[in-house]
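Atoms considered below: every heavy atom in the structure, side chains included; atoms not considered: hydrogens, waters and symmetry mates.
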Number of protein chains: 2
Amino acid sequence: MQNSTDEVQQKVEYFSTVVRDAGVKVTHQRLEIFREIVTHSGHPDVETIHQGVRQRIPTVSLDTVYRTLWMLLDLGLIATLGSPRERTRFDANTRPHHHFICKRCGIARDFYSVECDQITIPPEVHTMGSVEKTQVEIQGVCHQCNKVNSLPSK
Amino acid sequence: MQNSTDEVQQKVEYFSTVVRDAGVKVTHQRLEIFREIVTHSGHPDVETIHQGVRQRIPTVSLDTVYRTLWMLLDLGLIATLGSPRERTRFDANTRPHHHFICKRCGIARDFYSVECDQITIPPEVHTMGSVEKTQVEIQGVCHQCNKVNSLPSK
DNA sequence: CTACATGCAAAGGGTTTGCACGACA
DNA sequence: TGTCGTGCAAACCCTTTGCATGTAG
C-alpha cells in the first residue's frame, strides 16, 4: 500500500524542482502535503490528507491543504480521480457505454465500443474484489473548447 | 443529443412499473424528473435537471429533485458519472494505470494492464474532441465490504 | 528585505433535514 | 381516508476568500 522510501524520496526531489522552477516557494507545509499523497497510494480525499499532515505539522490549516492541492494539480504533480471540482452528474443510458469527457467544460458524451465492453480484466483485480461494471473514460478537450482556446488572447 | 420520442416513452413506462413495484408512488414530479434525464443524454447535474423540470413544473423544489435522484439511483433506473456523493480524491501515481473502485466503501486501488493502456479509440470519439488520457474504471465490491455484508443481519 | 505563503475566521455554495401541508393509491 | 411525497426554510456540511502575520528566497 506504500511506495518504497527511495521512490518517495525521488518524487519529493522531483516535486522540489518542479515547484521551484515554477517560481513557487518550497515550504515545509507544501512538502509534507505532497509527501502525504505520495506515501499513501490509497487516493485520499482532502480531509484524510489534512489529518495525515497534522501528525507532523499540527498547526497546518485545511485551507492551506486546499490551496496546495490545486497548485500541485496545476503543475501536473498530482491528478484527481474523476474531474476536479465537479458535481455529481446523472446518466439514464442503460446500454453498456463509455464516456468522452472534456476536461475544460466538463461535457460528457457517450460512445459505444465492443472492444471496450470486452476488456480482459487482469487477475490481480479479482484479488481486490468482485467486478460489477467496467467502463472506459477518455479525457480530452472537446472541439468547442479547442476553438475558444485557439482564439487570439488578450 | 436526444433519445427518440418512442424510446423516451418506453423508458418512462418502464420507470412507472419499477417505481410502482418498489411500493413507491408515481408522482408528477418524479415522472418529470426522470423524463428530464432521459430526454437529454448530456449527463446533467442536479441544478441543470432542476432548471429543466421547472419549465414544466415551476414550483418543483430543489430538494425534491435531490430526493428523487437518490431514489432513482437506488432502484437502478439511473447511474452517476463516478461514484455518487463522493469528494475529490487525489492520486500521485504518475505511471499509466487504471482503477478498481469499491462502490460501497469507495476505496480505489490501482492496477496495471498493457491491454487497458492500448485500447483502440473508436473513430467517433475523434469527432468529439482531442484525446489526452484513457483510463479504465472497474466498479465492484471489495473483499472487505463483501465480508461485512455477508454477516448475518439483524 | 520583499514578496509570497500561512492561519484564522467568516463567507459562500451545494446538499440535507424537519415539519406542516398536499396528493397519490 | 391514510400514508407517503412535496415545498419551504433552516441547518449542515465542504470549500473558498480576505486579511494580518509569518517566512522562504
*Asks:* Expressed in angstrom and rounded to an integer, what is the separation of A:M71 atom CE from D:dT16 atom P?
*Replies:*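 Atom-to-atom, A:M71 to D:dT16, this comes out as 15 Å.
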
*Asks:* Does A:Q10, at its CD atom, have more than 12 non-hydrogen atoms belonging to other residues, nucleotides or ligands within less than 6.0 Å?
*Replies:*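 Result for CD/A:Q10: open.
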
*Asks:* In whole angstroms, how far is the P atom of C:dG7 from the CD1 atom of A:I57?
*Replies:* 8 Å

*Asks:* Tell me the ring-ring contact (aromatic ring centres under 6.0 Å, His included) pairs involving residues 106-138 of chain A, sequence neighbours left out?
*Replies:* A:H98-A:F111

*Asks:* Check the distance between C:dG7's P and A:E32's CD and give it to me in whole angstrom.
*Replies:*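 Going from A:E32 (CD) to C:dG7 (P), I get 12 Å.
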
*Asks:* Is there a side-chain contact between A:R30 and the phosphate of D:dA24, meaning an N or O under 4.0 Å from OP1 or OP2?
*Replies:*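 Negative; the distance criterion is not met.
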
*Asks:* Under the salt bridge (charged side-chain N to carboxylate O under 4.0 Å, His left out) test, which residues partner A:R56, sequence neighbours left out?
*Replies:* A:E32, A:E36

*Asks:* Rounding to a whole Å, what distance do you find between B:R85:CZ and C:dG14:P?
*Replies:* 18 Å

*Asks:* Could you state the CG-P distance from B:L69 to C:dG14, rounded to the nearest angstrom?
*Replies:*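 The distance from CG of B:L69 to P of C:dG14 comes to 16 Å, rounded to the nearest Å.
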
*Asks:* Could you list all the salt bridge (charged side-chain N to carboxylate O under 4.0 Å, His left out) pairs where at least one residue sits in residues 65-78 of chain B, not counting sequence neighbours?
*Replies:* B:D63-B:R67

*Asks:* Just so I know, are the side chains of A:V125 and A:V131 near enough to count as touching, which here means a heavy-atom distance under 4.5 Å?
*Replies:*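 In short, these two side chains touch, coming nearer than 4.5 Å.
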
*Asks:* Under a 4.0 Å heavy-atom cut-off, which of residues 44-56 of chain B touch DNA chain D?
*Replies:* none

*Asks:* Not counting sequence neighbours, list each pair that qualifies as a salt bridge (charged side-chain N to carboxylate O under 4.0 Å, His left out) and has a residue in residues 122-146 of chain B.
*Replies:* A:K103-B:E132

*Asks:* In terms of the nearest nucleotide of DNA chain C, which residue is placed more toward the 5' end: A:R87 or A:S61?
*Replies:* A:S61

*Asks:* Is the backbone of B:T39 close enough, under 3.5 Å, to the side chain of B:K11 for a donor and an acceptor to pair up by distance?
*Replies:*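 Pair absent, no side-chain N/O of B:K11 close to backbone of B:T39.
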
*Asks:* Any donor and acceptor pair, going by atom type alone, linking the side chain of B:R89 with main-chain N or O of B:G106 inside 3.5 Å?
*Replies:*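 Yes, the answer is positive, given that a donor and an acceptor are paired below the 3.5 Å cut-off.
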
*Asks:* Taking the side chain of A:T64 as its heavy atoms from C-beta onward, which of C:dT6, D:dT6, D:dT16 lies nearest to it?
*Replies:* C:dT6

*Asks:* Output yes when a side-chain donor or acceptor of A:H50 lies under 3.5 Å from a complementary backbone atom of A:V60, and no otherwise.
*Replies:* yes

*Asks:* Find the distance A:D63:CG to D:dT16:P and express it as a whole number of Å.
*Replies:* 10 Å

*Asks:* One character per nucleotide, please: for nucleotides 19-25 of chain C, 5' to 3', B when the base has a protein heavy atom closer than 4.0 Å, S when only the sugar-phosphate does, - otherwise.
*Replies:* -----BS

